Amino acid sequence: PDCQNDTDLELLIPVGYVENTAERIRLYRELDNIKDDEALQIFEKELMDRFGPIPDETIELFVAVKMRWLAQRLGLTKIILKNGKMFCYFLADGSSAYFNSPTFSGILSYVNQFPKKCQLSEQKEKLLLKIDPVKSIHSAFETLSKMINI
C-alpha cells in the first residue's frame, strides 16, 4: 500500500531556492513520482545543476521520500512524525496475510528488542506502533531500516 507521511518537521523546497511557484509544484510532483534511489539521485543532481547547492530542508525531504519507500515495504499505511515521536499505522484488515508475514514478524522482533522505545497498541481497530524518541527524519529512516533488516 501507499504510505502517507505527516510531520511537523520542515521538509520542503524553499521559496528562496526555487522562487517560481509553478516550478516548485512541478518539482514536488516529479519527486512524488520517483520510485527508486537511482531516479532520486538523478533528480538531486538535476536540482543542483539548475539551482545550486541543495538546502537542508530539501535534503530532509529526500530522506522522507526514502522513508516512505521503506514504510511501504514494511506494510505501513501512515506515519506521523511529530513532537519527537513516530506513530506507524498498519493495514486496517486484521485478518490480512500480512500479519503472518516475515515482514510483520521482523517488526515484532524489533518491538521486543526495544520495549522501552516501542509501544504496540490498537486504535480505532487499527494496529499502531508508537516509537519514542524519534527526533529527526534521519532517525525515523534509521529506525525503519533496522526493522526491515531484522
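Keep in mind that what you see is a predicted model, and the values were worked out from it rather than measured.
Asp56 places none of its side-chain heavy atoms less than 4.5 Å from the side chain of Glu10. Residues Leu108 and Leu120 meet the side-chain proximity criterion, which asks for heavy atoms closer than 4.5 Å. Between Met67 and Gln72 there is no side-chain heavy-atom pair separated by less than 4.5 Å. The side-chain heavy atoms of Thr7 and Ile80, taken from C-beta on, include no pair separated by under 4.5 Å. By the 4.5 Å heavy-atom criterion applied to side chains, Arg68 and Arg73 are not counted as neighbours. Taking 4.5 Å as the limit, every side-chain heavy atom of Val15 sits out of range of all side-chain heavy atoms of Thr21. With a 4.5 Å cut-off on side-chain heavy atoms, Gln123 and Phe87 do not count as touching.
Heavy atoms of other residues, nucleotides or ligands lying less than 6.0 angstrom from NZ of Lys45 number 12 at most. Within a 6.0 Å radius of CZ in Arg26, other residues, nucleotides and ligands contribute more than 12 heavy atoms. Within 6.0 Å of atom CD in Glu122, more than 12 heavy atoms from other residues, nucleotides or ligands are found, so the atom counts as buried in its surroundings. Within 6.0 Å of atom CG in Asp32, more than 12 heavy atoms from other residues, nucleotides or ligands are found, so the atom counts as buried in its surroundings.
Distance check, rounded to the nearest 0.5 Å: CD1 of Ile59 to CG of Leu47 gives 10.0 Å. The CD atom of Gln4 lies 8.5 Å from the OG1 atom of Thr77; values are rounded to the nearest 0.5 Å. Rounding to the nearest 0.5 Å places CG of Asn83 at 9.5 Å from NZ of Lys135. In this structure, Leu128 CG and Ser121 OG are separated by 4.5 Å, a value rounded to the nearest 0.5 Å. The CG atom of Leu127 sits 5.0 Å away from atom CZ of Phe104, with the distance rounded to the nearest 0.5 Å. From Ile13, atom CD1 reaches atom CD of Glu23 across 9.0 Å, with rounding to the nearest 0.5 Å.
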- [ ] Quick one: do Lys66 and Asp37 satisfy salt bridge (Lys or Arg N to Asp or Glu O under 4.0 Å)? Show the steps, please.
- [x] CA-CA 8 Å; Lys66 292 178 183 182; Asp37 206 41; 3.5 Å; yes
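Considering Leu144, Leu81, Ile79 as possible partners of Val134, the one that fulfils the side chain to side chain contact (heavy atoms under 4.5 Å, CB included) test is Leu81.
A salt bridge links Asp6 and Lys82; the closest N-O separation between the charged side-chain nitrogens and carboxylate oxygens is under 4.0 Å. A salt bridge does not link Asp2 to Lys78: none of the charged nitrogens lies less than 4.0 Å from a carboxylate oxygen.
By the ring pair (Phe, Tyr, Trp, His ring centres under 6.0 Å) test, Tyr28 is found to be paired with no residue, residues two or more places apart in sequence or in another chain being considered. In this structure Phe141 satisfies the ring pair (Phe, Tyr, Trp, His ring centres under 6.0 Å) test with no other residue, sequence neighbours excluded.
Listed for the Tyr98 side chain is a donor-acceptor partner under 3.5 Å among the backbone atoms of Leu74. One N or O on the side chain of Thr58 and one on the backbone of Leu12 form a donor-acceptor pair closer than 3.5 Å. Looking at Arg24, its side chain does come within 3.5 Å of a backbone N or O of Glu19 through a donor-acceptor pair.
Residue pairs satisfying the ring pair (Phe, Tyr, Trp, His ring centres under 6.0 Å) criterion with at least one member in residues 36-57, sequence neighbours excluded, are listed as follows: Tyr17-Phe51, Phe43-Phe62.
Both Leu76 and Phe114 belong to a single network of hydrophobic side chains, linked directly or stepwise wherever heavy atoms of I, L, V, M, F, W or Y lie under 4.5 Å apart.
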